[in-house]
Amino acid sequence: MPYKDKNGKFCGFLNAEEKEGSGKFLRRYFLLDEKKSRLYYYKDNPGNLHADYSKTCGEIEIHFISRVSDARKLRPKVDNCFSITYAGRTIYLEAEDGDDLEGWIKALNDASKITVPVKHEDLGNGKKDSRAGFTAEIAGGVVCKIPMKYNKIQVSDEEPGSSDESPNESSGLSASAMQSYISGYCVKQGGMRKNWKRRYFVFSESGFQYYSSDRAKEPLRTLPKTDIIDVRRSSSGHSSRDNLFEVVTAKRTFYIQCDDPADTDKWVNMMKQNLPTTQISLTKLTGPNGEAIEDAESTEAANELSGDGSDPGVS
């Protein structure tokens, strides 16, 4: 089992396949620093090494981790093997025993989950939390303090006030318990900061939704199926990102990274099959002479080129 050091950080020895696909595992000391959002690994316990030799062999940014899972079936010759998938690559690790394996998987999955701040509630003694924020409005010349509502939290990596998405609605079920065509963890690019974060995605009759985790009950965003113009494998210039697909709306293209090519194909095919049959695809929107019209809002242009958008008074 991984143990906690005197600073409360999970740590312990694991055998790591540092060079992907080599089959050669080296004994390394791992240290999970949740405050810095890093998983460090060393040649030995840094507490036992001289300061000049206690440098890390490498590190993994926790926010880039998309999956930590049992890999004993994938690598049957490696005892107690599990894998970490991050930034498009997979690292295989060997634990000491079954308990050690389960402990590391749980610790890493918990550390890489995205959490949403809890709304301020009544403290239970009839008093409101005095630290809660408020907005000021003027009514009849009097300044009124109105407590801020935290039930709908705007997440920092999203675009505020996007009009191409419907309001977030909670079904009362956790994301993993909802009926869906397909669901699972992926990594998406933010709309404003362009950082990449791990989210739990659900594609169902309600549309394309993503949540902070599989246990969350309220989606961070909902894209109605009728707002989705196209779903396709990404051909954009994200050179450091493999297994990307795009969900295209009239106002934004969402870039989403899966764990492997099979998952990418599964998401793209399942979404295409269950979008409305009248949906217009960007890749198929052309004029009468075969010229491509790239803009999603250029339907009127296509009609004009084909004669549908002409003045009704002209024959």
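In this text, all values refer to a predicted model and were calculated from it rather than measured experimentally. Positions are given from 1, in the same order as the sequence printed here.
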### Query
Who are the side-chain contact (heavy atoms from CB on, under 4.5 Å) partners of R38, not counting sequence neighbours?
K36, Y40, E59, E61
### Message
Tell me whether R198 forms a cation-pi arrangement with Y185, defined as NZ or CZ under 6.0 Å from the six-membered ring centre and within 45 degrees of its axis.
### Response
yes
#### Entry: Rounded distance [0.5 Å steps], CG in N109 versus CD1 in I62
11.0 Å
### Query
Between D70 and R72, is there a side-chain N and carboxylate O pair less than 4.0 Å apart?
yes
### Message
Between F208 and V231, is there a side-chain heavy-atom distance shorter than 4.5 Å?
### Response
no
### Query
Thinking salt bridges, do K24 and E18 make one under a 4.0 Å N-O criterion?
no
With a cut-off of 3.5 Å and sequence neighbours excluded, list every side-chain donor-acceptor pair involving residues 259-268.
residue	atom	partner	partner atom	Å
D259	OD1	S66	OG	2.6
D259	OD2	R67	NE	2.9
D259	OD2	R67	NH2	3.1
D260	OD1	A262	N	3.2
D260	OD1	D263	N	2.8
T264	OG1	N243	O	3.3
T264	OG1	D260	O	3.1
D265	OD1	R233	NE	3.0
D265	OD1	R233	NH2	3.3

### Task
Would you confirm whether D5, through its side chain, and N7, through its main-chain N or O, come within 3.5 Å as a donor-acceptor pair?
yes
### Summary
When rounded to the nearest 0.5 Å, the distance separating CZ of R252 from CG of D227 is 13.5 Å
### Query
Taking a hydrophobic cluster as the set of Ile, Leu, Val, Met, Phe, Trp and Tyr residues connected by side-chain heavy atoms closer than 4.5 Å, whether directly or through intermediates, do L74 and L101 fall within one such cluster?
no
### Query
Between the side chains of T222 and Q209, is a donor N or O closer than 3.5 angstrom to an acceptor N or O?
yes
### Query
How would you list, by chain and number, every residue that makes a ring-ring contact (aromatic ring centres under 6.0 Å, His included) with Y92, sequence neighbours excluded?
none
### Task
Give me the ring orientation class for Y210 and F201: parallel if the planes are under 30° apart, tilted from 30 to 60°, perpendicular past 60°.
tilted
### Summary
Here the gap from L244 atom CG to I256 atom CD1, rounded to the nearest 0.5 Å, amounts to 9.0 Å
### Message
Show every ring pair (Phe, Tyr, Trp, His ring centres under 6.0 Å) that has at least one partner inside residues 5-32, sequence neighbours left out.
### Response
F13-Y29, F30-Y41
### Message
Distance check, rounded to the nearest 0.5 Å: E102 atom CD versus N80 atom CG?
### Response
9.5 Å
### Query
Which residues satisfy the side-chain contact (heavy atoms from CB on, under 4.5 Å) test with K6, sequence neighbours excluded?
none
### Query
Would T85 and I91 satisfy side-chain contact (heavy atoms from CB on, under 4.5 Å), going step by step from the backbone distance to the final call?
CA-CA 6 Å; T85 303; I91 294 180; over 6 Å; no
### Query
Going through the distances and angles, do D33 and K35 end up as a salt bridge (Lys or Arg N to Asp or Glu O under 4.0 Å)?
CA-CA 6 Å; D33 192 332; K35 289 185 178 179; over 6 Å; no
### Query
side-chain contact (heavy atoms from CB on, under 4.5 Å) with D79: which residues, sequence neighbours excluded?
E94
### Message
Is any side-chain heavy atom of R199 closer than 4.5 Å to one of K197?
### Response
yes
### Task
Please examine the side chains of L275 and F203, heavy atoms only from C-beta on, and report whether any two atoms are closer than 4.5 Å.
yes
### Task
Mind listing the closest non-hydrogen atom pair of K225 and S204 along with its distance?
CD-O, 3.6 Å
### Message
Is any side-chain heavy atom of C258 closer than 4.5 Å to one of F245?
### Response
yes
### L31 and L39, any side-chain heavy atoms less than 4.5 Å apart
no
### Message
Would you say that E17 contacts S22 through its side chain, given a criterion of any heavy-atom pair below 4.5 Å between the two side chains?
### Response
yes
#### Entry: Heavy-atom side-chain contact between Y255 and E246 under 4.5 Å
yes
### Message
Do Y211 and L220 make a side-chain contact, defined as non-hydrogen atoms from C-beta onward lying under 4.5 Å apart?
### Response
no
### Task
List the steps, then state whether side-chain contact (heavy atoms from CB on, under 4.5 Å) holds for C11 with K4.
CA-CA 6 Å; C11 55; K4 287 189 176 182; over 6 Å; no
### Task
For side-chain contact (heavy atoms from CB on, under 4.5 Å), just list the numbers for L14 and D100, CA-CA rounded to whole Å, side-chain angles, deciding distance to a tenth of an Å, and then say yes or no.
CA-CA 9 Å; L14 294 168; D100 194 36; 3.9 Å; yes
### Task
Grab the two heavy atoms, one from V202 and one from A175, that are nearest each other, plus how far apart they are.
CG2-O, 3.8 Å
#### Entry: ILVMFWY network linking W104 to V78, side-chain heavy atoms under 4.5 angstrom
no
#### Entry: Worked verdict on D44 versus R28 for salt bridge (Lys or Arg N to Asp or Glu O under 4.0 Å)
CA-CA 6 Å; D44 197 356; R28 295 289 182 250; over 6 Å; no
#### Entry: Worked check of side-chain contact (heavy atoms from CB on, under 4.5 Å) between R89 and F64
CA-CA 10 Å; R89 67 174 288 205; F64 287 167; over 6 Å; no
### From SG (C81) to NZ (K73), nearest 0.5 Å
14.0 Å
### Query
When rounded to the nearest 0.5 angstrom, what is the spacing between CG in L93 and OG in S83?
8.5 Å
### Summary
Correct closest heavy-atom pair for Y42 and K55 would be CD2-O, 3.7 Å
